[in-house]
Protein chains: 2
Amino acid sequence: MTMADDTQRSGHVPTLADVARAARVSSATVSRCLNEPHRVTRQTRERVMRVVRELGYAPNFGARALAARRTDTFGAVIPTMDNAIFARGLQAFQEEMGRHGITLLVASSSYDPGLEQEQIRNLAARGVDGVMLIGHDRPEDSYRLLQRRGVPYVVTWSHDPSQPHPSIGFDNRKAMMALMEQVIRLGHRHVGLLSGVRYGNDRARLRAEGVAESMQRAGIAADNLTTVEARYSIDAGAAGFAQLMQRRPRPTVVVCGNDVLAAGALRQARAMGLNVPGDVSITGFDDIDLAEIVTPGLTTVHVPHRQMGRGAAEILMKLRDGQDPVPPVELKASILWRESLGAAP
Amino acid sequence: MTMADDTQRSGHVPTLADVARAARVSSATVSRCLNEPHRVTRQTRERVMRVVRELGYAPNFGARALAARRTDTFGAVIPTMDNAIFARGLQAFQEEMGRHGITLLVASSSYDPGLEQEQIRNLAARGVDGVMLIGHDRPEDSYRLLQRRGVPYVVTWSHDPSQPHPSIGFDNRKAMMALMEQVIRLGHRHVGLLSGVRYGNDRARLRAEGVAESMQRAGIAADNLTTVEARYSIDAGAAGFAQLMQRRPRPTVVVCGNDVLAAGALRQARAMGLNVPGDVSITGFDDIDLAEIVTPGLTTVHVPHRQMGRGAAEILMKLRDGQDPVPPVELKASILWRESLGAAP
DNA sequence: TTGTTACTTGTAAGCGCTTACATCGCGTCA
DNA sequence: TGACGCGATGTAAGCGCTTACAAGTAACAA
């Protein structure tokens with residue numbers, strides 16, 4: 001008969017109805033077998049599941065989401081996948097989600113607020129049940145978009161109680177100030193700041209502010225701080241470092257906005273025949289794998305990536321389940337000593 | 001009736017119908033404004049678009065996919081996001097897709113064929129118009145799944161004309177043999193192979209085979225090759241290196257399955273007080289950023305990541321547009337000399 | 001026997017969109 | 001003037017699923 005033919009037809013993607021027909025039950029029963037197996041007799045269930053397997057049936061996600069009004073999918077928008085800055089945190093986030101049967105959709109914004117907004121909109125359109133965001137800085141519109149659609153979100157990588165958003169992260173300014181305290185203690189008075197691009201990036205901004213504030217508190221002239229902004233890439237870090245080394249008097253330490261920049265600085269230092277930390281000290285931020293394997297090892301700020309990722313997942317699930325409000329969570333960042341920071345020459 | 005009330009209800013996500021009502025047109029017209037603006041008069045279009053903005057309307061992706069039977073979304077399943085091995089290629093893939101108005105969904109399989117299959121199924125259920133896969137090795141089922149649902153796919157990172165799948169990549173065995181030729185030329189006769197896990201990973205397998213075959217061709221006893229398998233992580237690389245250094249006679253070179261392992265090896269060598277390449281040479285594979293910034297710089301196999309990513313996107317779009325068959329594309333990998341490979345001591 | 005309960009299964013109404021087809025005006029041309 | 005074509009818009013039929021509700025059945029107590 002033609003029904004069978006239809007089912008077999010190459011190129012035809014089997015639907016619930018195909019399965020129902022072949023198993024001689026209604027589509028509702030098939031749906032139940034898939035979603036609430038206990039509500040179906042074993043006999044029926046087994047027959048249905050066999051057909052499901054034979055036909056290679058997989059539910060159409062869009063249709064399911066449309067009918068059920070939930071997707072069991074969360075989204076994350078991270079600034080970049082190009083380096084490992086967010087990898088560990090995201091991995092932990094993903095693992096925690098997986099444990100709860102939730103799928104993760106990852107999008108990257110290339111550190112571009114406009115693009116990020118588009119990605120958020122995209123995730124919302126895909127019906128995600130929640131979104132993880134990096135940092136607080138973004139157009140108010142982006143937040144409104146989510147609120148209006150009733151999509152819960154959590155901000156990570158940054159702790160700022162003045163912001164009205166659910167969040168989990170650490171105080172970037174404070175962390176940088178803790179590092180600077182050590183830098184200053186070691187006698188450095190001329191510092192080069194190799195910052196990430198601050199526009200639309202509160203982490204970069206707060207870290208930079210932390211440097212300036214520490215110097216001010218220590219009574220060091222603002223003049224003694226030279227700042228260069230660079231994209232977060234090794235090459236840009238190298239170029240930025242070279243630029244800082246032009247400055248006279250030459251900085252005795254280059255404080256970097258993150259480890260990727262620091263790795264670039266280190267490379268450039270080597271290329272220029274500068275000894276680190278003998279001639280110039282270099283510090284990083286984030287403590288990604290990179291920080292450990294470069295030579296000399298980077299003294300950096302250790303960020304609790306995994307804890308942050310896991311925590312973000314938990315918050316998001318609470319939010320989805322209606323718990324509201326969830327207070328901001330502050331995590332501690334600590335200084336990790338390796339070899340790249342030494343006494344001022 | 002309740003419709004008007006419904007529209008006002010706070011928390012209500014606006015639909016096409018809401019927009020249509022507010023703009024006093026039919027839902028078909030709104031749909032046209034969004035998808036084929038030229039088919040609507042400017043006047044109507046502007047009125048509609050204003051309402052769209054006011055209501056913050058965003059189309060429901062699932063519903064659209066359901067009705068239109070296409071998603072303008074492609075998927076990629078990569079083994080890991082934890083390190084940068086696939087980052088550059090994926091970035092290029094993404095960029096090319098973006099140029100064509102296509103969204104990319106990225107999933108990671110943790111180098112687990114079972115998980116990969118699940119991710120493929122997931123992407124298929126989400127209605128992606130095509131999938132990028134890494135390497136050839138996977139259960140036949142995974143391929144069947146895609147074929148049965150008519151989802152085009154392209155295999156990357158590997159070139160193997162004997163495989164019946166559309167692909168773009170390089171010959172991992174040949175590339176490794178080219179590197180080994182140099183290793184042997186430099187007098188190395190005792191080699192340690194720090195391989196990635198070969199099960200379900202043809203790249204790792206073929207690279208390892210390349211090492212063995214090169215030695216055989218050079219008339220070096222198979223005994224002189226010691227192989228250790230490790231997960232692709234820095235720590236595992238370090239541990240594997242330590243293990244290889246136990247072997248007597250000690251290998252004069254450690255050939256690594258990729259740069260991440262090599263970075264781990266380098267770290268361990270330093271920890272053991274071994275000079276590279278003075279006491280022992282180390283080689284990498286892939287030429288990711290890491291390879292350049294470690295000390296000494298890694299001599300490695302340069303892989304045309306970006307070219308591969310872009311090419312994969314092009315192939316996938318051809319496939320989607322019905323062009324079939326698309327012959328496998330072979331890219332060239334070349335040796336990139338830095339400092340970590342030297343003459344045998 | 002009959003009513004009640006507990007389960008299993010089926011029926012059918014949407015979910016929010018796209019699109020084939022119908023309709024409506026209006027300018028054009030013989 | 002009327003037939004015609006054409007562009008703009010509306011109508012309505014699904015796309016593949018979930019789920020409230022109805023219907024059917026078997027077990028059991030009264």
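Every chain is numbered from 1, with letters handed out A, B, ... down the list of sequences.
Atom-to-atom distance recorded for A:Leu105:CG and B:Thr103:OG1 is 10.0 Å, nearest 0.5 angstrom. Summarising the geometry, atom OG1 belonging to A:Thr73 is positioned 9.0 Å from atom CG belonging to A:Leu104; distances are rounded to the nearest 0.5 Å.
Close to C:dT9, at under 4.0 Å from its OP1 or OP2, lies a side-chain N or O of A:Thr41. The phosphate of C:dT9 has OP1 or OP2 within less than 4.0 Å of a side-chain N or O from A:Thr44. For B:Asn35, a side-chain nitrogen or oxygen approaches OP1 or OP2 of C:dT18 to under 4.0 Å. Within the 4.0 Å cut-off from OP1 or OP2 of D:dT9, not a single side-chain nitrogen or oxygen of B:Ser26 is found. In this structure, A:Ser31 does not reach the D:dT19 phosphate: none of its side-chain N or O atoms is under 4.0 Å from OP1 or OP2.
The separation between A:Arg64 atom CZ and C:dC17 atom P is 21 Å, rounded to whole Å. Note: CD (A:Glu36) to C1' (C:dC7) measures 14 Å, nearest angstrom. Atoms CG (A:Leu16) and C1' (D:dC15) sit 13 Å apart, rounded to a whole Å. For the pair B:Arg24 CZ and D:dT9 C1', the interatomic distance rounds to 16 Å; values are reported in whole Å. Distance CZ (A:Arg21) to C1' (C:dG10): 16 Å, rounded to an integer number of Å. Going from atom CG of A:Asp18 over to atom P of D:dC15 covers 11 Å, rounded to whole Å. The interatomic distance linking A:Asn60 (CG) with D:dG16 (C1') rounds to 6 Å, in whole Å. Rounded to an integer number of Å, the gap from CG of B:Leu66 to C1' of C:dC17 is 8 Å.
Between B:Trp157 and B:His305, the ring centre distance stays below 6.0 Å.
With hydrogens and angles ignored, no donor-acceptor pair under 3.5 angstrom links the side chain of B:Arg69 to the base of D:dG14.
Among the heavy atoms of the strands, none lies under 4.0 Å from B:Phe61.
Take the nearest nucleotide of DNA chain C for A:Ala68 and for B:Ala28: the residue whose nucleotide is more 5' is A:Ala68. Toward the 5' end of DNA chain D, the nearer of the two residues A:Val30 and A:Arg39, judged by each one's closest nucleotide, is A:Val30.
In the set C:dG16, D:dA12, D:dT9, D:dA12 carries the atom at the smallest distance from any side-chain atom of B:Ser27. Here C:dT9 is the nucleotide among C:dG16, D:dC17, C:dT9 with the atom lying nearest to any side-chain atom of A:Thr29. Among the nucleotides D:dC17, C:dC17, D:dT11, the one closest to any side-chain atom of B:Arg32 is D:dT11.
Residues B:Ser109 and B:Gln119 have side chains that never bring a donor and an acceptor to within less than 3.5 angstrom of each other. A donor-acceptor pair shorter than 3.5 Å can be found between the side chains of A:Asn122 and A:Arg126.
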